[in-house]
Amino acid sequence: MPVHFEGLQSDHIKACFLKAFQAFPELHSHNVVVRQRKMAKTTMNAQPMLNWAFFSRSRRSYLINFTDNMHVEDRIAIHELPEEVLVGWFAHELGHVCDYLHRGLLRMVQFGLGYLLLPNYRAGAERIADIFAVEHGFAESIIATKKYILDHSGLSPSYKRRIELYYMSPDEVAMIAQGAPANALTIDQIL
C-alpha cells in the first residue's frame, strides 16, 4: 500500500489508519502520507500535497495531518483513543480524500476558498466526507467518533459547538446508513 507514516511511533494509530484505508480501494493508487504534527485549531485534516503531482489528478498525493493531543483540558493523547473512534476519524478524513479525487485544479482552489470563507460550504464538505465514509462501511465508527467528541466532558464548549455546527449529527449519520437519501436531509438537520 502506498502509505507512509511521518513522525508517528504508535502502532495503534498506524493499525487504525490502515484498517480504514483498506476499505477505500480507489485511494490505493495514490501516495498517502500520514503525519503527526502540532496543529492549533483542529485535531485532524486531509489535503492534497502541493507538489508537481498536484496538477495531475491521477498522480496526486494526499496528506493526513493529525495532532498528538486532542484539544481538551486534560490532554487526551490520540493514541489513547478507542479503536472505533480513531478508525471513524480516519475514515472521515479519507472521505475528504475521495471527494478530492475528481476535482481538477480550479475545483480544488474553489474548494479551498469555499471551505475557508463560507460556513455552509464547509458544512457541505464535512457532510460529503461523512457520506463517503458511510458508503465505505464506517457508519458505526463515524457515529462512535461523533458521540465521543460530543459527550466527552473535557472538550471545550467552543470545540463541541464547531462539531455541531459543521458536521452531521450521529442521528443523521444513522439515517444515511439506513438508506435515507443524503439529498433528502435538510441543512437544518446539519446546523
Side-chain angles (χ1 to χ4, degrees), residues 1-71 77-79 81 83 85-138 141-142 145 149 159 162-163 166-168:
M1 282 189 200
V3 175
H4 309 281
F5 296 100
E6 290 183 5
L8 176 59
Q9 302 302 317
S10 169
D11 289 334
H12 172 63
I13 293 173
K14 290 177 184 178
C16 288
F17 178 81
L18 291 173
K19 182 175 183 178
F21 185 74
Q22 288 174 355
F24 289 84
E26 64 269 62
L27 303 181
H28 294 180
S29 62
H30 296 271
N31 287 322
V32 177
V33 176
V34 181
R35 180 173 66 183
Q36 184 172 334
R37 67 183 190 96
K38 292 192 183 294
M39 296 190 296
K41 292 189 177 190
T42 189
T43 303
M44 203 176 287
N45 69 25
Q47 61 192 52
M49 293 182 76
L50 297 177
N51 54 25
W52 288 109
F54 175 77
F55 298 99
S56 169
R57 282 181 266 184
S58 64
R59 293 187 12 214
R60 199 176 284 157
S61 298
Y62 298 93
L63 185 60
I64 308 288
N65 291 307
F66 68 95
T67 189
D68 51 349
N69 292 298
M70 289 181 62
H71 298 281
I78 294 294
H79 69 270
L81 291 175
E83 178 180 340
V85 171
L86 196 49
V87 167
W89 216 320
F90 280 128
H92 171 84
E93 297 305 327
L94 291 168
H96 280 299
V97 175
C98 285
D99 184 25
Y100 304 154
L101 282 179
H102 305 291
R103 292 178 183 268
L105 177 62
L106 291 178
R107 287 190 63 218
M108 284 303 300
V109 171
Q110 176 191 24
F111 177 89
L113 291 173
Y115 192 90
L116 291 173
L117 301 174
L118 304 170
N120 283 345
Y121 191 95
R122 183 180 205 175
E126 297 303 345
R127 173 191 182 97
I128 289 168
D130 277 344
I131 291 169
F132 272 114
V134 168
E135 288 174 348
H136 283 79
F138 291 100
S141 298
I142 293 290
T145 303
I149 291 169
Y159 188 82
R162 194 167 71 230
I163 297 301
Y166 295 116
Y167 297 78
M168 284 195 287

**Q** List the residues meeting side chain to side chain donor-acceptor pair (under 3.5 Å) with Ser58, not counting sequence neighbours, and say none if there are none.
**A** Ser56
**Q** Under the criterion side-chain contact (heavy atoms from CB on, under 4.5 Å), I'd like the reasoning laid out for Phe5 against Leu18: C-alpha separation, chi angles, the key distance, then a yes or no.
**A** CA-CA 11 Å; Phe5 296 100; Leu18 291 173; 4.1 Å; yes
**Q** Restricting to non-hydrogen atoms, name the atom on Gly114 and the atom on Tyr121 that form the minimum distance, rounded to 0.1 Å.
**A** C-CD2, 3.3 Å
**Q** Not counting sequence neighbours, which residues clear salt bridge (charged side-chain N to carboxylate O under 4.0 Å, His left out) with Glu135? List them please.
**A**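 Glu135 satisfies salt bridge (charged side-chain N to carboxylate O under 4.0 Å, His left out) with no residue once adjacent residues are dropped.
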**Q** Which heavy-atom pair separates Thr67 from Thr42 by the least distance, and what is that distance?
**A**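 The pair with the smallest heavy-atom distance is CG2-O, 4.0 Å.
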**Q** List the residues meeting side chain to side chain donor-acceptor pair (under 3.5 Å) with Ser141, not counting sequence neighbours, and say none if there are none.
**A** Glu84
**Q** Go through the steps to decide whether Leu94 and Phe138 satisfy the test side-chain contact (heavy atoms from CB on, under 4.5 Å), and finish with yes or no.
**A** CA-CA 11 Å; Leu94 291 168; Phe138 291 100; over 6 Å; no
**Q** Got a sec: does the CG of Leu106 have more than 12 other heavy atoms crowding it under 6.0 Å?
**A**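 12 or below, so no.
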**Q** What is the minimum heavy-atom distance between Glu26 and Ser29, and which atoms define it?
**A** O-OG, 4.1 Å
**Q** Could you name each residue pair satisfying side-chain hydrogen bond (donor to acceptor under 3.5 Å, both in side chains) that touches residues 6-15, not counting sequence neighbours?
**A**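 Found none.
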**Q** Would you call Arg162 and Tyr167 a side-chain contact if the rule is heavy atoms closer than 4.5 Å?
**A**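 Not touching, per the 4.5 Å side-chain cut-off.
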**Q** Per the side-chain hydrogen bond (donor to acceptor under 3.5 Å, both in side chains) rule, what does the pair list look like for residues 102-112, sequence neighbours excluded?
**A** Asp99-Arg103
**Q** Under the side chain to side chain donor-acceptor pair (under 3.5 Å) rule, collect the residues that match up with Arg35, sequence neighbours excluded.
**A**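 With sequence neighbours excluded, Arg35 shows a side chain to side chain donor-acceptor pair (under 3.5 Å) to Asn65, given in chain and number order.
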**Q** Atom CD in Glu93, atom CD1 in Ile64: separation rounded to 0.5 Å?
**A**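 It is 6.0 Å, given to the nearest 0.5 Å.
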**Q** Test of understanding: with ring-ring contact (aromatic ring centres under 6.0 Å, His included), list the residues that count as partners of His136, not counting sequence neighbours.
**A** Phe24
**Q** Nearest heavy-atom pair of Ala91 and Ala133: which atoms, and what distance?
**A** O-CB, 3.6 Å
**Q** Determine whether a donor-acceptor pair (N or O, by modelled atom type, separation under 3.5 Å) exists between the side chain of His30 and the backbone of Arg60.
**A**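 Yes; judged by distance alone, with no hydrogens or angles, the pair exists.
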**Q** With sequence neighbours excluded, tell me which residues meet ring-ring contact (aromatic ring centres under 6.0 Å, His included) with Tyr100.
**A**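 ring-ring contact (aromatic ring centres under 6.0 Å, His included) check on Tyr100 returns Phe111.
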**Q** Calculate, to the nearest 0.5 Å, the distance between atoms CD1 and CE belonging to Ile142 and Met168 respectively.
**A** 8.0 Å
**Q** Check the pair Leu86, Phe90 against side-chain contact (heavy atoms from CB on, under 4.5 Å), reporting the backbone distance first and the verdict last.
**A** CA-CA 6 Å; Leu86 196 49; Phe90 280 128; 3.7 Å; yes
**Q** Quick check for you: to the nearest 0.5 Å, what is the distance between Phe17 atom CZ and Gln22 atom CD?
**A** 10.5 Å
**Q** Closest heavy-atom contact between Gly95 and Phe132?
**A**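 Looking at all heavy atoms of both residues, the shortest contact is O-CD1, 3.4 Å.
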**Q** Who passes side chain to side chain donor-acceptor pair (under 3.5 Å) against Arg122, sequence neighbours left out?
**A** Tyr115
**Q** To the nearest 0.5 Å, what is the distance between OG1 (Thr145) and CD1 (Ile163)?
**A**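 Answer for the OG1-CD1 pair, Thr145 versus Ile163, is 10.5 Å.
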**Q** What residues, two or more places apart in sequence or in another chain, satisfy salt bridge (charged side-chain N to carboxylate O under 4.0 Å, His left out) together with Lys19?
**A**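 Only Glu83 meet the salt bridge (charged side-chain N to carboxylate O under 4.0 Å, His left out) criterion with Lys19.
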**Q** Might you work through the side-chain contact (heavy atoms from CB on, under 4.5 Å) test for Ile149 and Trp89, ending with a clear yes or no?
**A** CA-CA 10 Å; Ile149 291 169; Trp89 216 320; 3.8 Å; yes
**Q** Decide yes or no for Ile13 and Leu8: does some side-chain heavy atom of the first lie under 4.5 Å from some side-chain heavy atom of the second?
**A**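 Yes, side chains in contact.
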**Q** Checking His96 now: which residues fulfil ring-ring contact (aromatic ring centres under 6.0 Å, His included) with it, not counting sequence neighbours?
**A**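 If we apply the ring-ring contact (aromatic ring centres under 6.0 Å, His included) test to His96, skipping adjacent residues, the hits are His92.
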**Q** Out of curiosity, Arg37 CZ to Leu63 CG, how far, rounded to the nearest 0.5 Å?
**A**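 The CG atom of Leu63 is 7.5 Å from CZ of Arg37, to the nearest 0.5 Å.
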